Amino acid sequence: MPKEYRTIQEIAGPLMLVRGVSDVAYDELGEIELANGEKRRCKVLEIDGGNALVQLFEASTGINLSDSKVRFTGRSMELGVSEDMLSRVFDGLGRPIDGGPEILPEKRVDINGLPMNPAARNYPQEFIQTGISAIDGLNTLVRGQKLPIFSASGLPHAQLAAQIARQAKVLGSSEPFAVVFAAMGITFEESNFFVESFKETGAIDRTVLFINLANDPAVERIATPRMALTAAEYLAFEKNMHVLVILTDITNYADALREVSAARKEVPGRRGYPGYMYTDLASLYERAGRQRGKAGSITMIPILTMPEDDKTHPIPDLTGYITEGQIILSRELYRKNIAPPIDVLPSLSRLKDKGIGEGKTRADHANTMNQLFAAYARGKEAKELMVVLGEAALTDIDKLYAKFSDAFESEYVSQGYQNNRDIEETLNLGWKLLSILPRSELKRIKDEFLDQYYQG
């Protein structure tokens, strides 16, 4: 029977000090029982001799120091995992919130997990089709990769996240594919949008949702992505599934870290975020990947809104260091009604060349990708010149590039949130647009591909 303590000394925000404890360990779960019998969960953050600093998962209102008692459970936070989790919706602490029955767990797993041993990692090299041309054609996602989406407030990253979750699949593979979707600090409307969007298309059958709302405690937000990754590791490495993990919004997660760090009076780092934020984010991101000898894999798309649209802000900055590229959404394209507003030039998938080519997508993919980038960059330059000097100052070839740039944005990048394009369609659309330009301009494409696909 766990020992009970009535020695709560003080409460400050989400933190509580309990004196005179023994045999209590870091990260251990506890339970506070109020005088009226209500119970609230907490976990140990720090031990100093007989003093335990405890972090509350629920609000601290109504806790009377002299009448409340604390019990420690002797174990850290765990998630009960089973294949029945698919098609279910949980809160940030892994409790069902969809009105369905409790999960009967196959086993219980510590949510903190372990980072994957680099020597046991397999290199990511299989193409994942998201059905979105700007990603599949130009910034290809590869199985086992971590590819974040950098958005900004007011941009439609929720629609893009839902579209990827509904459409993503590994081509030419009969192995089961699952999506683990974790939303942190979102509104009830957004939560409803995700759940309904998955239900409408039937994608919910292969999805596990963890939803932490904006009015839930910040501490719960810190547990949410770890719950999701624990479920993903179980499905990938024990049930041999390809799992796509989507985490939105990492900015809300980092703000929760900052809130708890400030309550502990830790010395702040850049912009008030804790100095260990890099390590903390890495402990999440590095749980993605492929393991030697295991058929399953975890591919991760973290989504974050850049505060003040600033990509040098600590959250996108640190995320960029740990992950393999980024997809950047652009306010300028959003104003032009381009959906999704993916800015392909600063976006980058560092592993894209590993997942494309013959046998994976198509032999001409790498050539056409490079040519589309180059032509779009030149077209944007031509359009800037046109603004400054007027159309008369442009050469005929520059006018063609400007025309290409407009067509590229409106036809290739913009496809709406319901349109699921397979890779063949994306590549053919690229050729159709390149045919606006004379063949002599397509210097990055081998003659054999030009002979086969060029329609000019």
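What you are looking at is a predicted structure, and each value in this text was computed from that prediction instead of being measured.
Side-chain contact between F198 and D205 is absent, with no heavy-atom pair separated by less than 4.5 Å. Using a 4.5 Å heavy-atom threshold, the side chains of V344 and Y376 count as touching. Proximity of E31 to R71: side-chain heavy atoms (C-beta onward) are separated by under 4.5 Å at one or more points. Within the 4.5 Å cutoff, the side chain of L209 has heavy atoms near those of the T207 side chain. Here the side chains of V243 and V245 are in contact, with some heavy-atom distance below 4.5 Å. Under the 4.5 Å side-chain criterion, counting only non-hydrogen atoms from C-beta, L229 is in contact with M300. I250 places a side-chain heavy atom less than 4.5 Å from the side chain of I315. Looking at S22 and K3, their side chains come closer than 4.5 Å, going by heavy atoms from C-beta outward.
D84 contributes atom CG, which lies 9.0 Å from atom CD of E106 (distance to the nearest 0.5 angstrom). Separation of atoms CG (L281) and CG (L304) is listed at 9.0 Å; rounding is to 0.5 Å. Note: D136 CG to Q167 CD = 9.0 Å, rounded to the nearest 0.5 Å. The structure places CZ of F90 at 7.5 Å from CG of L79, a figure rounded to the nearest 0.5 Å. Rounding to the nearest 0.5 angstrom, the gap separating the CZ atom in F127 from the OG1 atom in T140 is 6.0 Å. Taken to the nearest 0.5 Å, the CD1 atom of I103 stands 5.5 Å off from the OG atom of S82.
With sequence neighbours excluded, the residues forming a side chain to side chain contact (heavy atoms under 4.5 Å, CB included) with N419 are Q415, R421, listed by chain and number. The side chain to side chain contact (heavy atoms under 4.5 Å, CB included) test applied to D353 returns no partner, not counting sequence neighbours. Under the side chain to side chain contact (heavy atoms under 4.5 Å, CB included) criterion, E189 pairs with T187, sequence neighbours left out. The side chain to side chain contact (heavy atoms under 4.5 Å, CB included) check on P217 picks up E220, with sequence neighbours excluded.
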Working note: Q291 + F237, criterion side-chain contact (heavy atoms from CB on, under 4.5 Å); need CA distance, chi angles, decisive distance, verdict.
CA-CA 8 Å; Q291 281 186 13; F237 303 129; 3.9 Å; yes

As a quick check of understanding, evaluate side-chain contact (heavy atoms from CB on, under 4.5 Å) for L213 and S191, giving each step before the final call.
CA-CA 8 Å; L213 296 173; S191 150; 3.7 Å; yes

Would I135 and I342 satisfy side-chain contact (heavy atoms from CB on, under 4.5 Å), going step by step from the backbone distance to the final call?
CA-CA 9 Å; I135 298 178; I342 294 174; 4.0 Å; yes

Worked verdict on R264 versus E46 for salt bridge (charged side-chain N to carboxylate O under 4.0 Å, His left out)
CA-CA 10 Å; R264 289 175 70 177; E46 215 170 282; 2.9 Å; yes

Does R270 form a salt bridge (charged side-chain N to carboxylate O under 4.0 Å, His left out) with D317? I'd like the steps, not just the answer.
CA-CA 11 Å; R270 265 200 303 169; D317 188 33; 3.0 Å; yes

Please evaluate residues T305 and T248 with respect to the criterion side-chain contact (heavy atoms from CB on, under 4.5 Å), reporting the C-alpha separation (whole Å), side-chain torsions for both, the decisive distance (0.1 Å), and the verdict.
CA-CA 9 Å; T305 46; T248 179; over 6 Å; no

Salt bridge (charged side-chain N to carboxylate O under 4.0 Å, His left out) between E28 and K43: does it pass, once the steps are laid out?
CA-CA 6 Å; E28 196 173 313; K43 84 169 182 178; over 6 Å; no

Mind running side-chain hydrogen bond (donor to acceptor under 3.5 Å, both in side chains) on T130 and K169 for me, showing each step along the way?
CA-CA 7 Å; T130 63; K169 59 172 189 258; over 6 Å; no

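Between E233 and the options R226, K239, R287, a salt bridge (charged side-chain N to carboxylate O under 4.0 Å, His left out) holds for only R287. Among the candidates M16, E33, R40, the single residue satisfying the side-chain contact (heavy atoms from CB on, under 4.5 Å) test with V70 is M16.
Closest non-hydrogen pair, H242 versus A295, comes out as CE1-O, 3.9 Å. Nearest approach of Y273 to P314, heavy atoms of both residues: CD1-CG, 4.2 Å. Minimum heavy-atom separation, G144 to T299: N-OG1, 2.8 Å. Between A236 and S297, the shortest heavy-atom contact is CB-O, 3.6 Å. Listed here is the closest heavy atom pair of P148 and G325: CD-O, 3.0 Å. Minimum heavy-atom separation, R166 to Q418: NH2-OE1, 3.6 Å.
Using a 4.0 Å cut-off between charged nitrogen and carboxylate oxygen, K336 and D406 do not count as a salt-bridge pair.
In terms of modelled atom types and a separation under 3.5 Å, the side chain of S414 and the main chain of E409 share no donor-acceptor contact. Formation of a donor-acceptor pair under 3.5 Å by the D343 side chain with backbone atoms of S330 is not found in this model. Distance alone, capped at 3.5 Å, places no donor-acceptor pair between the Q125 side chain and the V142 backbone. No side-chain donor-acceptor contact under 3.5 Å links S133 to the backbone of V413. Checking side-chain atoms of N122 against main-chain N and O of R290 turns up no donor-acceptor pair under 3.5 Å. Using a distance-only test at 3.5 Å, with no hydrogens or angles considered, no donor-acceptor pair links the side chain of N212 to the main chain of T224. In this structure a side-chain-to-backbone donor-acceptor pair under 3.5 Å is missing from D98 to R88. Between the side chain of E126 and the main chain of L171, no donor-acceptor pair closer than 3.5 Å is present. No donor-acceptor pair closer than 3.5 Å links the side chain of D91 to the backbone N or O of I211. Side-chain atoms of S76 never come within 3.5 Å of backbone atoms of D110 as a donor-acceptor pair (strictly under, hydrogens ignored).
Under the 6.0 Å distance and 45° angle rule, R221 does not count as a cation-pi partner of Y253.
Annotation: K311, atom NZ; neighbour count of heavy atoms from other residues, nucleotides and ligands within 6.0 Å does not exceed 12. N215 CG: more than 12 foreign heavy atoms inside a 6.0 Å radius. Counting heavy-atom neighbours within 6.0 Å of Y321 OH, excluding the residue itself, gives a total of 12 or less.
A salt bridge (Lys or Arg N to Asp or Glu O under 4.0 Å) check over residues 144-163, counting only residues at least two apart or in different chains, returns the pairs K146-E286, K146-E324.
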Atom pairs and distances, side-chain donor-acceptor, residues 51-60, under 3.5 Å, sequence neighbours left out:
from : atom 1 : to  : atom 2 : distance (Å)
N51  : OD1    : R19 : NH1    : 3.4
E58  : OE1    : R41 : N      : 2.9
S60  : OG     : G13 : O      : 3.4

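F210 and F181 have their aromatic ring centers separated by at least 6.0 angstrom.
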